[in-house]
Amino acid sequence: MEFERHDLLHLSQEGRERIFTELASKEFNEGGIGEMLLPERFPNEEGIKAAIPGIVRREEFSPREGYIPVGFASWRSSENGRFRVASFAKPEEIVSKGTPAEVLAKLPRKENETFRTPALKALAALRTGWTFPLALGVWGSAAMEIETGHAYTHQWSDLDVH
């Protein structure tokens with residue numbers, strides 16, 4: 001399996017447990033990382049039961065041979081920004097991946113669909129009018145919202161496409 005920056009990776013339970021343990025040992029907030037990686041052990045008030053995917057990222061300073069650099073971003077946001085952590089996944093821990101184009105394909109195509117935020121509405125309009133021979137894809141907060149159903153975008157979210 002090939003991996004490109006911005007691909008979304010769904011990890012196995014074992015992989016999520018390993019990453020959680022590693023991050024907790026580095027004194028990351030266990031509740032925050034647990035909510036993202038192990039919602040079955042760290043329930044929240046939203047009732048989210050599915051772990052969020054990792055996002056393939058670049059790693060320039062401390063690459064790990066045989067691992068894929070991934071980042072995790074919470075749907076929670078504050079005046080300090082979104083809670084994010086970086087880690088590494090083993091190829092055998094990856095259950096599935098979604099490219100930016102595959103994630104965009106999951107955006108509803110219903111007539112008169114009401115989208116929650118301007119970014120998602122713009123994405124739907126862009127997809128409808130797309131006539132170029134290149135595949136259109138989405139990443140960032142819009143991709144995470146489409147993939148997970150969690151409220152990653154807000155009124156002022158930008159839109160990352162390629």
Side-chain angles (χ1 to χ4, degrees), residues 1-12 15-16 19-20 23 26 28-40 42-61 68-89 93-110 112-130 132 134-162:
M1 197 180 300
E2 294 289 318
F3 305 101
E4 299 288 330
R5 191 163 172 233
H6 303 297
D7 286 348
L8 299 183
L9 305 180
H10 292 274
L11 304 179
S12 67
R16 293 183 288 118
I19 291 170
F20 172 83
L23 293 172
K26 294 178 180 178
F28 279 90
N29 177 285
E30 286 189 14
I33 57 175
E35 181 177 68
M36 292 188 293
L37 294 172
L38 300 170
E40 46 291 273
F42 293 84
N44 63 54
E45 71 279 359
E46 311 231 358
I48 294 169
K49 294 190 178 11
I52 64 167
I55 305 163
V56 176
R57 62 181 178 84
R58 67 175 165 253
E59 177 57 58
E60 297 153 344
F61 302 110
I68 297 100
V70 293
F72 297 92
S74 175
W75 57 92
R76 294 187 191 277
S77 175
S78 70
E79 62 276 355
N80 296 324
R82 198 173 297 282
F83 178 51
R84 301 171 194 258
V85 294
S87 190
F88 295 86
E93 295 170 339
I94 298 166
V95 175
S96 66
K97 89 168 183 175
T99 66
E102 291 167 340
V103 173
L104 176 59
K106 296 176 182 179
L107 185 69
R109 290 189 175 268
K110 299 176 186 172
N112 302 317
E113 179 72 30
T114 302
F115 291 95
R116 204 179 62 73
T117 62
L120 295 174
K121 184 176 181 179
L123 182 59
L126 181 61
R127 180 185 59 192
T128 299
W130 192 257
F132 302 98
L134 303 170
L136 178 63
V138 62
W139 69 86
S141 60
M144 290 297 287
E145 184 157 333
I146 293 166
E147 186 71 13
T148 68
H150 308 331
Y152 274 87
T153 63
H154 53 73
Q155 191 68 21
W156 301 278
S157 289
D158 62 357
L159 183 58
D160 300 307
V161 297
H162 77 114

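Nothing here was measured: the structure is a model prediction, and the numbers come from that model.
- A distance of 4.0 Å separates CD1 of Ile68 from CD1 of Ile94, quoted to the nearest 0.5 Å.
- Checked against a 6.0 Å centroid threshold, the rings of Phe72 and Phe28 do not count as neighbours.
- For the pair Met144 and Ile52, the minimum side-chain heavy-atom distance is below 4.5 Å.
- Inter-residue side-chain proximity for Pro100 and Leu8 is flagged as unmet; no heavy-atom pair is nearer than 4.5 Å.
- Checking side-chain atoms of Glu145 against main-chain N and O of Thr153 turns up a donor-acceptor pair under 3.5 Å.
- To the nearest 0.5 Å, atoms CZ (Phe20) and CD1 (Ile33) are separated by 4.5 Å.
- Residues Pro118 and Gln155 form a side-chain contact, since some pair of their non-hydrogen atoms from C-beta on lies under 4.5 Å apart.
- How far CD1 of Ile55 is from CZ of Arg84: 7.5 Å, rounded to the nearest 0.5 Å.
- With a 6.0 Å radius and a threshold of 12 heavy atoms from other residues, nucleotides or ligands, Glu60 has its CD atom above the threshold.
- To the nearest 0.5 Å, atoms OG (Ser74) and CE (Met36) are separated by 5.5 Å.
- Atom-to-atom distance recorded for Leu37:CG and Ile19:CD1 is 6.5 Å, nearest 0.5 angstrom.
- Partner Val85 forms a side chain to side chain contact (heavy atoms under 4.5 Å, CB included) with one of Asn29, Val70, Leu23 and no other, that one being Leu23.
- Judged by distance alone, the side chain of Lys106 and the main-chain N or O of Ala143 form no donor-acceptor pair under 3.5 Å.
- With contacts defined as side-chain heavy-atom distances shorter than 4.5 Å, the pair Arg127/Val138 does not qualify.
- Put simply, the side chain of Lys97 reaches to within 4.5 Å of the side chain of Phe3, judged on heavy atoms.
- Ala135 and Ala101 make their closest contact through CB-CB, 4.4 Å (heavy atoms, listed as atom of the first residue, atom of the second, distance).
- What you find for Ser12 and Val95 is that their closest heavy atoms are N-CG2, 3.4 Å.
- Between Tyr152 and His150, the two ring planes are parallel [angle under 30°; tilted spans 30° to 60°].
- The distance from the OG atom of Ser87 to the CD atom of Glu59 is 10.0 Å, given to the nearest 0.5 Å.
- Between Leu11 and Ala89, the shortest heavy-atom distance links the atoms CD2-CB, 4.0 Å.
- Under a 3.5 Å cut-off, the side chain of Arg82 and the backbone N or O of Ser77 do not form any donor-acceptor pair.
- Using a 4.5 Å cut-off on side-chain heavy atoms (C-beta onward), Phe115 and Leu123 make no contact.
- Heavy-atom minimum distance, Ala142 versus Leu120: CB-CD2, 4.0 Å.
- Heavy-atom minimum distance, Ser157 versus Ala119: O-CB, 3.8 Å.
- Residue Asp158 comes nearest to Ser141 through the heavy atom pair O-OG, 4.3 Å, listed as atom of the first residue, atom of the second, then distance.
- No donor-acceptor pair under 3.5 Å is formed between the side chain of Arg57 and the backbone N or O of His6.
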